[in-house]
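Presented below is the structure to which this report refers.
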Number of protein chains: 2
Amino acid sequence: MTKTARKSDVLELEHFLPYRLSHITAIVSAQLAERYAEPFDLSVPEWKVMAVLGRFPDLSANEVGEKTVMDKVTVSRAVTRLSEKSCVRRRLAKDDKRRSVLSLTSKGKAIHREIVPMVLHYERELMESLTVRERDTLSLLIEKLEKRTEMLAANYLLLPS
Amino acid sequence: MTKTARKSDVLELEHFLPYRLSHITAIVSAQLAERYAEPFDLSVPEWKVMAVLGRFPDLSANEVGEKTVMDKVTVSRAVTRLSEKSCVRRRLAKDDKRRSVLSLTSKGKAIHREIVPMVLHYERELMESLTVRERDTLSLLIEKLEKRTEMLAANYLLLPS
DNA sequence: GTATATTAGTTTCAATTGAAACTAATTGCA
DNA sequence: TGCAATTAGTTTCAATTGAAACTAATATAC
């Protein structure tokens, strides 16, 4: 009998992984947003777009959507707004004029450079509750879960009944 | 130099805990909702309310909000809709007529009983990627992070500048 | 005891969301 | 080539959201 064992037909939310993930994530996202949203007048989708473009320049809107798990409408609007604020530049791909090539402007980069240390500081504060070894373990476990969801998605699509 | 080490001013999203949590949670939540939302005509907030009431009967709307990290407006509306569908009963607390006492009706319980095995099955599929020991570790790590966010919330409120 | 402050929950209203329809560009293939 | 199917991204519109205002009940202060 392990800590996580339970009767098969009782949903103990406090031990149910999707519930626990959603709980800790909602709190972490809110605490993080507290630190950048108002100060920099950025919505959560806007910051997500800037964050991925800071890390991976010249993505298409689609690719941004994949990396942030946001749908294309949300991405499109965040990019429009960021472009109005001159934080993101959208060009057209040479080889395919449907596709856009998104990148941070120098203004966007400057804001990105201001926010990054703040969010890293927050992450460091959060991680202080874990040993270095635990951090690596957590990273590994999340990776395993991610791989697993990819498999499940593939399976589920094959059996849509 | 550990796996998670990095330069202090570069945001490598693929190693950034809030990003990774948000990524895996979005996918898990979506895969879970796929399994109950349409089949049972339940929105995500509605299912969350039913799930906590199945586990903790006779909560107030406020308490439901705390347990699900949903704001009171969302809870209020989910409860209204569930009540219209005769899945949840709302009574008034004897000792404080502002407070409601929420519980699943027999119909609500029946639906709950149908969904629970499905979501537990999904969780089991997800967890198959981890050893029993890893499951316990993950549980412990999430708990530590939760505790930590509580501390940070308290601190941040004290220094609102 | 009455007035004020606080708390639980609902309603209103404006902003955000995402599904579906759309535009424009590209690919496939007869 | 040329026409149907697909793909990238945007727009439209109806549904969902949450902040702020509100109602009703309780707690606190004087």
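So that the names make sense, note that chain A is the first sequence line, chain B the second, and so on, each numbered from 1. Since this is a predicted model, take the numbers as computed values, not measurements.
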Taking atom [atom2] of [N] as reference, at what distance in whole Å does atom [atom1] of [X] sit?
X: A/Glu46; N: C/dA15; atom1: CD; atom2: C1'; result: 13 Å
X: A/Lys72; N: D/dT11; atom1: NZ; atom2: P; result: 13 Å
X: A/Lys94; N: C/dA25; atom1: NZ; atom2: P; result: 17 Å
X: B/Leu59; N: C/dA8; atom1: CG; atom2: C1'; result: 14 Å
X: B/Met70; N: C/dG9; atom1: CE; atom2: P; result: 13 Å
X: A/Asp58; N: D/dA8; atom1: CG; atom2: C1'; result: 17 Å
X: B/Asp71; N: D/dA21; atom1: CG; atom2: C1'; result: 15 Å
X: A/Arg91; N: C/dA25; atom1: CZ; atom2: P; result: 19 Å

Between B/Arg90 and B/Ser103, do the side chains contain an N or O donor and an N or O acceptor separated by less than 3.5 Å?
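Short answer, no.
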
Compute whether any side-chain donor of one residue and acceptor of the other, for B/Arg81 and B/Ser43, lie under 3.5 angstrom apart.
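Side chains of B/Arg81 and B/Ser43: no pair found under 3.5 Å.
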
No-H, no-angle donor-acceptor pair, B/Arg77 side chain to C/dG9 base, under 3.5 Å:
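There is none.
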
Answer with yes or no whether B/Arg98 presents, from its side chain, a donor or acceptor under 3.5 Å of a partner atom in the base of C/dT7.
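When only heavy-atom distances are counted, B/Arg98 does reach the base of C/dT7 through a donor-acceptor pair under 3.5 Å.
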
With distance as the sole test, does B/Thr105 use its side chain to make a donor-acceptor pair with the main-chain N or O of B/Cys87 at under 3.5 Å?
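Yes, the answer is positive, given that a donor and an acceptor are paired below the 3.5 Å cut-off.
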
With DNA chain C as reference, determine whether A/Asp96 or A/Thr74 sits nearer its 5' end, using the nearest nucleotide of each.
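The residue mapped nearer the 5' terminus is A/Thr74.
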
Could you tell me whether A/Lys97 contacts a base, only the sugar-phosphate backbone, or nothing, with contacts defined as non-hydrogen atoms closer than 4.0 Å?
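Sugar-phosphate contact only.
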
For B/Ser43, which contact category applies under a 4.0 Å heavy-atom criterion: base, sugar-phosphate, or nothing?
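No contact at all - B/Ser43 keeps every heavy atom at 4.0 Å or more from the nucleic acid.
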
Is [X] near enough to [N] that one of its side-chain N or O atoms lies under 4.0 angstrom from OP1 or OP2?
X: A/Arg90; N: D/dT10; answer: yes
X: A/Asn62; N: D/dT7; answer: no
X: A/Ser76; N: D/dA8; answer: no
X: A/Ser100; N: D/dG9; answer: yes

Contact between A/Met50 and A/Leu82 at the side-chain level, heavy atoms closer than 4.5 Å - yes or no?
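Yes - at least one pair of side-chain heavy atoms lies under 4.5 Å apart.
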
Given B/Val49, B/Val88, B/Thr74, the one that forms side-chain contact (heavy atoms from CB on, under 4.5 Å) with B/Val64:
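By the side-chain contact (heavy atoms from CB on, under 4.5 Å) criterion, B/Val64 pairs with just one of B/Val49, B/Val88, B/Thr74: B/Val49.
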
Where the side chain of B/Val73 is defined as all heavy atoms beyond and including C-beta, which of C/dT26, C/dT12, C/dA8 is the nearest nucleotide?
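Among the listed nucleotides, the one closest to the side chain of B/Val73 is C/dT12.
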
Nearest to the side chain of B/Pro45, heavy atoms from C-beta on, is which of C/dT12, D/dG9, D/dT17?
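Nearest listed nucleotide: D/dT17.
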
